[in-house]
Amino acid sequence: MMIAYAERFVHENDTETRQDDGVSGLDLQLQGTLDWSAAATASAARDFGGLRSAKPLAVVRPAGPDDVARSVRAALRSPSLTVAARGNGHSINGQAMSDGGLVVDMLAAGAAHFQVGRAGCGAGYAVVAGGALWEDVLEQCLRYGLAPRSYTDYLGLTVGGTLSNAGVSGQAFRHGPQTSNVTELEVVTGQGETVVCSSRDNSELFFAVLGGLGQFGIITKAKICLQPAPDMVRWIRVVYEDFGEFTRDAESLVTRPDGDTFDYIEGFAFVNSDDPVNGWPTVPLGPDQRFDPTRLSPDAGSVLYCLELGLHHRSSDPPSSVDSVVGRLLGRLGFVEGLEFRRDVSYADFLLRVKHAEQHAKATGLWDAPHPWLNLFVSKAGIADFDRTVFKGVLKDGVGGPMLVYPMLRCRWDKRTSVVLPEESGEIFYLVALLRYTLPYPEGPSADRLVAQNHEILRTCDENKIDYKLYLPYYQSQKEWERHFGNQWARFVERKARFDPMAVLSPGQKIFLRSSVMPGKMASDNGTAGL
Ligand SMILES: Cc1cc2nc3c(=O)[nH]c(=O)nc-3n(C[C@H](O)[C@H](O)[C@H](O)COP(=O)(O)OP(=O)(O)OC[C@H]3O[C@@H](n4cnc5c(N)ncnc54)[C@H](O)[C@@H]3O)c2cc1C
């Protein structure tokens, strides 16, 4: 059997480089390729976080969904092999890795499918491959004058990767996360079956997979809701000294009806200093704009806040009509006078804004350095305490990158998905994203120190009884996973037993241990949980 052969080969030739000779691919009956070269396995052993490494046995480059199913079925025939779908590997903590197993490089089949339809689902829909990058989906949809409704800030992520988490950005207050903007999925389950599912057909699988951390199936196709694409975005940033005023305005904007608010609403905290990475220079929207600190009151604190807003418009709209809508909406807000920045950009440039930061970070080496990021959902009831103890306390000097904080509405999230939100039932909750870009040690603080600071933040939240959940969670023991899922844990375990009973899928999440006998056995049952 190919798998047995592959295992023996790798143990005996661990350090050797070997290109797929086609014979192994034939054994798996792939139309794509199986690559066990040192370069391929080393690359699949890394991710954006740069904190962990786990080398797979081999990397599958599928030609399409059938190859994904063949890979899962091959793993099922082995007593111990696991399969991790890898999107663009932009996880932080090794979630897309498979130690000694198969990594399925979903990007390889990212262009395998694209189809646009005009009926239903808003202004239409696109059926795309699970391994498609959102930036490519956007580009293709724009050719039809259409665009997805809900995004992430950065579009170099795959459809399957973000749908396995949630996928949030400044449109989520209106449209919900990306998981709320997909109506049908094609999924290869942990039993190697290819199933089409939606809220009507095979609905348990559909909702399990959305936000399911890759635990129940590999998304090979997704049907995504579209909207008519606007031409332009008026991009605005306004500054606040007071957190209460910042959250009051942000909450008011996200709860106003469409047409009476902006189309994109985010926010971030920054340091009240001229620090080029954490302070005033991070706020203006172009080199021709300057942050004038004399506009701040003398008693402004060490941390300031910025609301980031976007208004869609058409290039044919007279500038005066855009000005008048923006003037009316901004007129209600209590930001610091004179600390307001505006810029008109094309819709595509707005959505691809982080790509420019990526290019810069790649040029300076920051992109390849470790990224001990921390993402949380914090309840409205806890966000003021979070500001007091974390932004103004632990992080008063910043994190060496953006500290996002913006509200979302619970009603836009479907409770049936596997996504976990703060327990307090209030309608508003916040995303907090601490996106550290640090120079490699010893030029910057060591990754260990930053990870320790993340632990300190979580301890601070616990001590102050702040109601939060990790977004893009990562835990070290079953007890912590149980606590994370809270009253959704039983449902999560049941779904695992039903759709991936041998726990073949997504081992890098470290929730379940691969089983050859007992469905849904927990990683910690035999003392090997976590890290
Ligand atoms: C620069 C940057 C900016 C980001 N910005 C945002 C943001 O604005 N909003 C936001 O919500 N998130 C953001 N993220 C986080 C991002 O959404 C997650 O890290 C996501 O998992 C990365 O997608 P990926 O395609 O690289 O997935 P990977 O990291 O490759 O995989 C993530 C998990 O999903 C599983 N998986 C991958 N593909 C599939 C599939 N087809 N089917 C089933 N499971 C699959 C993997 O096994 C793994 O468990 C950002 C990350 C980075 C690095």
Side-chain angles (χ1 to χ4, degrees), residues 43-44 46-50 56 62 65 68 72 82-98 101-110 112 128-135 150-172 177-179 185-190 205 208-222 264 266 351 353-355 357-358 361-362 366-368 371 373-375 377 401-402 404 406 408 418-419 431 433 435-437 471-474 499-500 504-511:
S43 166
R46 284 196 297 270
D47 64 15
F48 183 79
V68 176
V72 174
T82 53
V83 179
R86 178 180 166 101
N88 205 11
H90 276 26
S91 291
I92 299 301
N93 285 293
Q95 286 96 331
M97 294 178 195
S98 173
L102 298 176
V103 163
V104 182
D105 174 7
M106 298 301 290
L107 274 182
V128 304
L133 290 174
W134 281 102
E135 60 192 27
S150 184
Y151 292 91
T152 44
D153 292 345
Y154 167 71
L155 304 189
L157 308 168
T158 64
V159 169
T162 66
L163 290 179
S164 298
N165 286 290
V168 295
S169 183
Q171 305 84 8
Q178 290 179 319
T179 44
L185 298 172
E186 180 188 86
V187 171
V188 173
T189 68
L205 178 64
V209 165
L210 294 172
L213 309 176
Q215 293 303 302
F216 311 108
I218 299 180
I219 300 167
T220 46
K221 282 185 203 156
Y264 164 97
E266 282 203 8
L351 292 172
R353 63 200 178 280
V354 181
K355 204 170 177 72
E358 174 186 356
K362 279 186 170 158
L366 291 178
W367 195 258
D368 296 320
H371 298 96
W373 286 8
L374 183 65
N375 291 273
F377 292 130
L404 306 185
Y406 58 90
M408 286 182 267
S418 297
V419 182
L431 172 85
L435 310 179
R436 303 168 186 277
Y437 283 87
Y471 174 50
L472 313 167
Y474 184 71
F499 301 118
D500 181 23
V504 165
L505 298 176
S506 214
Q509 298 280 1
K510 307 234 180 249
I511 308 175

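Scope of the values below: all heavy atoms of this structure, side chains included, with no hydrogens, waters or symmetry mates. In this chain, residues are counted from 1 in sequence order. Whatever order the structure lists ligands and atoms in, that order sets their numbers, starting from 1.
With hydrogens left out, the protein atom closest to atom 21 (O) of ligand 1 is N165 ND2, 3.0 Å, a heavy atom. Nearest protein neighbour of atom 30 (O) of ligand 1, counting heavy atoms only, is G87 N, 2.7 Å. In terms of protein heavy-atom proximity, atom 33 (C) of ligand 1 is closest to Q509 NE2, 4.1 Å. Nearest non-hydrogen protein atom to atom 6 (C) of ligand 1 is T152 CB, 4.0 Å. Of the protein's non-hydrogen atoms, Q95 O, 3.4 Å is the one closest to atom 48 (C) of ligand 1. The nearest heavy-atom contact from the protein to atom 34 (O) of ligand 1 is S164 CB, 3.7 Å. Regarding atom 18 (C) of ligand 1, its nearest protein heavy-atom neighbour is L472 CD2, 3.8 Å. Looking only at protein heavy atoms, the nearest one to atom 27 (O) of ligand 1 is G161 CA, 3.6 Å.
For N375 (side chain) and L472 (main-chain N/O), no donor-acceptor pair under 3.5 Å exists by modelled atom type. In this structure, the side chain of W134 does not engage the main chain of G156 through any donor-acceptor pair within 3.5 Å. A donor-acceptor pair under 3.5 Å links the side-chain atoms of S418 to the main chain of A208, judged by distance alone. Panel note: side chain Q95, backbone N93; a donor-acceptor pair is recorded below 3.5 Å. Distance alone, capped at 3.5 Å, is enough to place a donor-acceptor pair between the Q215 side chain and the L213 backbone. Put simply, the side chain of S150 never gets that close to the backbone of A172: no donor and acceptor are under 3.5 Å apart. No donor-acceptor pair under 3.5 Å is formed between the side chain of S91 and the backbone N or O of D47.
Considering both main-chain and side-chain atoms, Y471 comes within under 3.5 Å of ligand 1 through a nitrogen or oxygen pair. Inclusion of R86 in the set of residues having an N or O under 3.5 Å from an N or O of ligand 1 is not warranted. No N or O atom of T162 sits closer than 3.5 Å to an N or O atom of ligand 1. Checked against a 3.5 angstrom limit, the closest N/O atoms of A85 and ligand 1 fall inside it. Checking only distances, W373 never comes within under 3.5 Å of ligand 1, N or O to N or O. Considering backbone and side-chain atoms alike, F48 places every N or O at 3.5 Å or more from each N or O of ligand 1. In terms of polar-atom proximity, defined here as any N/O pair under 3.5 Å, G214 makes no such contact with ligand 1. For ligand 1, one of its N or O atoms has an N or O atom of S91 under 3.5 Å away. Residue contacts with ligand 1: M106 is placed with no nitrogen or oxygen under 3.5 Å of a nitrogen or oxygen of the ligand (distance criterion only).
In this structure, Y151 falls outside the shell of residues with a heavy atom less than 4.0 angstrom from ligand 1. The shortest separation from a heavy atom of G508 to ligand 1 is not under 4.0 Å, leaving the residue out of contact.
Of the listed residues (L157, I92, L155), the one carrying the non-hydrogen atom nearest atom 13 (C) of ligand 1 is L157.
Here is the list of ligand 1 atoms found below 4.0 Å of a heavy atom in G217: 43 (C). Of all atoms in ligand 1, listed by their number and element, those nearer than 4.0 Å to a heavy atom of I218 are 42 (N), 43 (C). Counting the atoms of ligand 1 from 1 in the order shown, those under 4.0 Å from a heavy atom of W367 are 1 (C). Ligand-side atoms of ligand 1 in range of G89: 26 (O), 28 (P), 29 (O), 30 (O), range being under 4.0 angstrom from any heavy atom. Atom numbering of ligand 1 starts at 1 in the shown order; those under 4.0 Å from a heavy atom of D153 are 7 (C), 8 (O).
Taking the six-membered ring where the residue is Trp, Y154 and H90 present parallel rings, their angle staying beneath 30° rather than reaching 60°.
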